[in-house]
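Notes for the one structure printed next.
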Amino acid sequence: MGQDISNLYQLDGRVPVGKAVPFGLQHVLAMFVSNITPIMILAGAIGIDSVTSSMLIQNCMIIAGIGTLVQLYPIWRIGSRLPVVMGISFTFLSLAISIAATQGMGTLMGAVIIGGLVEGTLGLFARYWIKLIPPVVAATVVTAIGFSLLPIGANSFAGGQGAADFGSINNWIVGSITLLTCLLCQVFAKGFLRSLSVLVGLVAGYILALCMGMVDFSGIGSRPILSLPHLLPFTPTFNIGAILSIVAVYLVSATETIGDTSALCNSALKRDPNEREMGAAVSCDGFVSSVSGLFGCTPITSFSQNVGLVAMSGIVNRFTIATGALIMILGGIFPMIGYALTTIPQCVLGGCTLMMFGSILYAGFGMMGRCGSSHRNMVIVSLSLSVGLGFTQATEMFNIFPEIVRTVFANNCVAVVFLLAVILNLVLPKDKAEA
């Protein structure tokens with residue numbers, strides 16, 4: 001298959017580099033801040049010095065690029081061969097801070113490495129457990145992922161959680177113009193430009209923010225031109241308690257990856273993922289997370305915002321997404337590139353991501369529709385979502401449970417929804433038509 005722009009909408013086939021790079025860059029911009037934020041929060045919480053923090057940020061960009069390439073172009077049975085974009089997971093953040101603060105970064109990295117091997121091995125044997133996740137469970141999890149992302153988009157729109165100017169008039173103006181630009185491009189543009197609606201909105205919002213004095217370039221001059229990744233910045237040590245705690249959260253990460261893979265296939269490829277793809281995606285999640293631990297970073301996972309971007313743009317070409325992965329790797333090797341991307345204001349990112357996150361919800365609703373409206377499905381979906389979304393809004397409810405239960409479930413509606421949906425699917429009697 002030759003180089004052709006129509007290949008943008010096909011998994012395989014080459015696309016001219018000049019046409020592929022803007023779409024790859026669009027994926028990087030959609031997830032860049034979310035990728036480096038967990039490391040920044042962890043470093044600040046436990047007092048890691050600025051030099052080491054900068055090095056870890058570089059490493060996490062490189063790891064995100066490597067993980068994305070493995071998903072796109074599998075190594076043996078590791079990688080789904082789907083347009084999945086990987087990044088550092090928020091799911092592990094609170095537990096990572098707890099372990100690192102009390103037992104040190106070495107213990108955290110040891111747990112990340114071993115836990116990743118456990119999740120990766122679990123993915124290799126997916127055929128033994130994947131039947132626990134029928135379409136109705138996958139649809140419920142995808143819908144929960146969509147709902148869980150909405151507050152993230154809203155907080156970014158307002159300037160970013162904890163920002164001094166949160167909800168300011170400037171953030172409202174820039175976020176609204178960015179969102180409106182994305183919407184107009186999505187509705188009125190055609191072909192190539194329509195698929196780039198998020199990038200067009202982001203550029204428009206960034207230019208407006210620049211004109212309003214909201215972009216800070218003050219630190220760019222202090223960045224080195226070239227900096228290679230640093231292997232084993234912390235010497236791993238292995239503590240059984242820390243490992244078991246991290247493994248429990250890895251299971252939640254696997255759930256999110258399964259949901260993202262289902263949403264991606266259903267929304268962009270118009271089919272359900274097969275057993276091999278699900279297991280291979282989880283394997284990549286785990287094994288690359290172990291590599292992430294070797295570079296001093298917390299685990300990696302699929303990024304739901306990029307699933308939303310694929311669903312909205314229809315761009316599924318692996319070569320095109322791979323150009324984004326290479327941009328992330330270059331951003332880690334050339335720190336000035338990475339820093340330039342960090343200057344994008346949160347309100348611009350929020351304006352772009354609101355539509356993307358909504359598209360994941362839409363994909364979840366579509367998956368539910370294909371499952372049918374039986375009484376059994378209604379109970380599984382409604383009870384799982386109401387408990388998962390409701391209970392995690394009242395996190396104090398979990399105070400009676402041990403810390404590991406609070407860490408895994410109290411702030412993670414996807415984990416609660418998944419667990420309850422699986423249990424209900426196992427215990428509820430099948431409808432007569434299904435029996």
Verdict with supporting geometry, L56 and I36, side-chain contact (heavy atoms from CB on, under 4.5 Å)
CA-CA 9 Å; L56 292 178; I36 65 174; over 6 Å; no
Any luck finding a side-chain donor-acceptor pair between S89 and S253 under 3.5 Å?
no
Would a distance-only check, ignoring hydrogens and angles, find a side-chain to backbone donor-acceptor pair under 3.5 Å from N35 to I88?
yes
Heavy-atom closest pair, residues C413 and L389
SG-CD2, 3.7 Å
Show, in sequence, the C-alpha distance, side-chain angles and deciding distance for F295 and I62, and conclude whether the side-chain contact (heavy atoms from CB on, under 4.5 Å) test is met.
CA-CA 10 Å; F295 284 89; I62 293 169; 5.8 Å; no
Within the distance-only criterion (no hydrogens, no angle test), does the side chain of D285 pair as donor or acceptor with the backbone N or O of A281 below 3.5 angstrom?
no
Non-neighbouring partners of F303 that pass ring pair (Phe, Tyr, Trp, His ring centres under 6.0 Å), sequence neighbours left out:
none
Looking at P236 and I113, what are the two nearest heavy atoms and their distance?
CG-CD1, 3.9 Å
Euclidean distance, C284 SG relative to I78 CD1, rounded to 0.5 Å
8.0 Å
Side chain to side chain donor-acceptor pair (under 3.5 Å) partners of N59, counting only residues at least two apart:
none
Are any side-chain N or O atoms of T68 and backbone N or O atoms of M86, one a donor and one an acceptor, separated by less than 3.5 Å?
yes
Any side-chain heavy atom of D12 within less than 4.5 Å of one from R81?
yes
Is the shortest heavy-atom distance from the side chain of L354 to the side chain of F157 under 4.5 Å?
yes
What about the rings of Y250 and F92, do their centers lie closer together than 6.0 Å?
yes
Expected output: side-chain N171 to main-chain C347 donor-acceptor under 3.5 Å:
no
Heavy atoms of A254 and V282 approach each other most closely as CB-CG1, 4.0 Å
Flag, side chain of D165 to backbone of S168, donor-acceptor distance under 3.5 Å:
no
Can you confirm whether more than 12 heavy atoms, excluding those of I75, are under 6.0 Å from its CD1 atom?
no
On the six-membered ring of F319, is R14 placed so that its NZ or CZ lies under 6.0 angstrom from the centre and within 45° of the ring axis?
yes
Looking only at heavy atoms, which two atoms of V288 and G67 are closest? And how far apart?
CG1-CA, 3.8 Å
State which residues pass side chain to side chain contact (heavy atoms under 4.5 Å, CB included) with L208; sequence neighbours excluded, sorted by chain then number.
I173, V174, I177, M212
With rounding to the nearest 0.5 Å, note down the distance linking CG in L25 to OG1 in T323.
8.5 Å
Nearest-0.5 Å distance, CZ of residue R127 to CE of residue M278:
15.5 Å
Taking side chain as C-beta onward, heavy atoms only, is V198 less than 4.5 Å from S313?
no
Walk me through whether I329 and L69 qualify under side-chain contact (heavy atoms from CB on, under 4.5 Å).
CA-CA 10 Å; I329 293 172; L69 287 176; 3.9 Å; yes
Tell me, do L269 and L264 make a side-chain contact under 4.5 Å, heavy atoms counted?
no
Do D272 and S262 get their side chains close enough for a donor-acceptor pair, meaning under 3.5 Å?
no
Distance check, rounded to the nearest 0.5 Å: L309 atom CG versus M31 atom CE?
11.5 Å
Full working for side-chain contact (heavy atoms from CB on, under 4.5 Å) between L251 and L122:
CA-CA 9 Å; L251 299 179; L122 186 68; 3.9 Å; yes
Check whether any side-chain N or O of Q58 sits under 3.5 Å from a backbone N or O of G332 as a donor-acceptor pair, and report yes or no.
yes
I'd like to know whether S384 forms a side chain to side chain donor-acceptor pair (under 3.5 Å) with T140, so could you lay out the CA-CA distance, the side-chain angles of the two residues, the decisive distance to 0.1 Å, and finally the verdict.
CA-CA 8 Å; S384 299; T140 307; 5.6 Å; no
Please tell me if the side chains of L82 and E277 come closer than 4.5 Å, counting only heavy atoms from C-beta onward.
yes
Specify the closest pair of heavy atoms between P273 and N266, including all atoms of both residues, with the distance to one decimal.
CD-ND2, 4.1 Å
How about S290 and V112: do any of their side-chain heavy atoms sit closer than 4.5 Å?
no
Could you list the residues that satisfy ring pair (Phe, Tyr, Trp, His ring centres under 6.0 Å) with F418, not counting sequence neighbours?
none
Please examine the side chains of V247 and I114, heavy atoms only from C-beta on, and report whether any two atoms are closer than 4.5 Å.
no
Distance alone, cut at 3.5 Å: any donor-acceptor contact between the side chains of S80 and Q71?
yes
Indicate yes or no for a side-chain donor-acceptor contact from S176 to the backbone of W172 under 3.5 Å, with no hydrogens or angles considered.
yes
Got a second to check how far F166's CZ is from Q346's CD, nearest 0.5 Å?
10.0 Å
So ring-ring contact (aromatic ring centres under 6.0 Å, His included) across residues 105-143, not counting sequence neighbours, yields none
Any donor-acceptor N/O pair, S156 side chain to G350 backbone, under 3.5 Å
no
Starting at CD1 of I300, measure out to CZ of F287 and round the result to the nearest 0.5 Å.
14.5 Å
Where is the tightest heavy-atom contact between A209 and V348, given as atom of each residue plus distance?
CB-CG2, 4.4 Å
Flag, side chain of N317 to backbone of T320, donor-acceptor distance under 3.5 Å
yes
Are the side chains of N306 and D260 in touch, meaning some heavy atoms are under 4.5 Å apart?
no
Side chain to side chain contact (heavy atoms under 4.5 Å, CB included) partners for A100, two or more places apart
L42, I46, M105, L108
